[in-house]
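Counting from 1, the numbers follow the sequence of the chain as shown. Since the structure is predicted, the reported quantities are computational estimates derived from the model, not experimental observations.
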Amino acid sequence: LGSAITALFVVDTPTLDFLVQQHVLHLEERVEMEKDLEASAEHYLRFLSETGRENGVDITCLIRKGRLSQIALQLARELAVSAAVIGAPPSCSRHDLSTTERQLLITECTFPIILVRK
């Protein structure tokens, strides 16, 4: 079919920076948290890639840093995607920063989005 699957994990560094500015995190904690998020991203994407491979599906996995909405929209334009699947944790609240970023992404997209809750 000529289709390709790309999995994107965005480490939200602007939020980490904001937490340092608000004195919620110390700079050392921010660095450690970013490393932890990167490790989680690698673990999750490795699992996703292996699962895809076991089922005959090739998945390109990417880790980027920045704002979810900006990074995802930029990549979507670069890849000329026809649809997107976005994961959302079950505990998303209306005031959660990651929920706001997902909403921005959904609002700005020019292609279909499937929102998957765990």
Side-chain angles (χ1 to χ4, degrees):
L1 296 175
S3 298
I5 296 176
T6 301
L8 172 65
F9 191 110
V10 179
V11 176
D12 187 0
T13 51
T15 297
L16 295 176
D17 293 338
F18 176 75
L19 293 173
V20 170
Q21 290 172 349
Q22 297 300 309
H23 305 288
V24 175
L25 291 177
H26 293 287
L27 187 55
E28 298 81 19
E29 292 172 312
R30 183 229 180 271
V31 170
E32 190 63 33
M33 186 172 281
E34 184 175 341
K35 288 179 185 176
D36 289 346
L37 289 170
E38 289 175 15
S40 292
E42 290 170 2
H43 175 77
Y44 177 76
L45 292 175
R46 186 172 32 257
F47 170 77
L48 187 62
S49 179
E50 289 170 3
T51 302
R53 192 171 19 261
E54 289 169 2
N55 291 285
V57 178
D58 187 34
I59 301 173
T60 301
C61 296
L62 304 172
I63 299 173
R64 298 287 187 266
K65 295 179 183 180
R67 287 225 175 277
L68 171 66
S69 58
Q70 292 172 347
I71 298 294
L73 287 170
Q74 177 185 9
L75 184 62
R77 282 190 292 273
E78 290 172 13
L79 299 177
V81 303
S82 56
V85 178
I86 302 173
S91 61
C92 278
S93 71
R94 290 185 180 183
H95 305 292
D96 183 277
L97 285 174
S98 62
T99 302
T100 302
E101 281 297 307
R102 282 184 190 85
Q103 188 59 45
L104 281 169
L105 180 57
I106 291 167
T107 302
E108 296 295 321
C109 276
T110 57
F111 46 82
I113 294 181
I114 301 166
L115 181 64
V116 178
R117 296 194 188 271
K118 290 184 181 179

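The structure places CG of L68 at 7.5 Å from CG of L8, a figure rounded to the nearest 0.5 Å. Rounding to the nearest 0.5 angstrom, the gap separating the OG atom in S40 from the CE atom in M33 is 10.5 Å. The CG atom of L27 sits 9.0 Å away from the CG atom of D17 when rounded to the nearest 0.5 Å. Interatomic distance, Q103 CD to E108 CD, rounded to the nearest 0.5 Å: 10.5 Å. Taken to the nearest 0.5 Å, the CG atom of D12 stands 9.0 Å off from the OG atom of S69. With rounding to the nearest 0.5 Å, the separation of CZ in F9 from CG in L48 is 11.5 Å.
L45 and C61 get closest at one heavy-atom pair: O-SG, 3.5 Å. Listed here is the closest heavy atom pair of I106 and I113: CA-CD1, 3.7 Å. Here the shortest heavy-atom pairing between I59 and A7 reads CG2-CB, 3.9 Å. Residues S82 and F111 share a closest heavy-atom pair of O-CB, 3.7 Å. Of all non-hydrogen atoms in V10 and R67, the two that sit nearest each other are CG1-C, 4.1 Å.
Residue pairs meeting the side chain to side chain donor-acceptor pair (under 3.5 Å) criterion with at least one member in residues 18-27: none, sequence neighbours excluded.
Following chains of ILVMFWY side-chain contacts shorter than 4.5 Å, one can reach I71 starting from L73, so the two form part of one hydrophobic cluster.
Looking at heavy atoms from C-beta onward, I5 lies out of side-chain contact with D58 at the 4.5 angstrom threshold. Between I114 and I86, the closest side-chain pair of non-hydrogen atoms is not below 4.5 Å.
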Does the pair L16 and L37 meet the rule for a side-chain contact (heavy atoms from CB on, under 4.5 Å), with working shown? CA-CA 11 Å; L16 295 176; L37 289 170; 4.2 Å; yes
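In this view, L79 and T6, L75, V81 satisfy the side-chain contact (heavy atoms from CB on, under 4.5 Å) rule, not counting sequence neighbours. Remark: E34 pairs with R30, K65 by the salt bridge (charged side-chain N to carboxylate O under 4.0 Å, His left out) rule, at least two apart or across chains.
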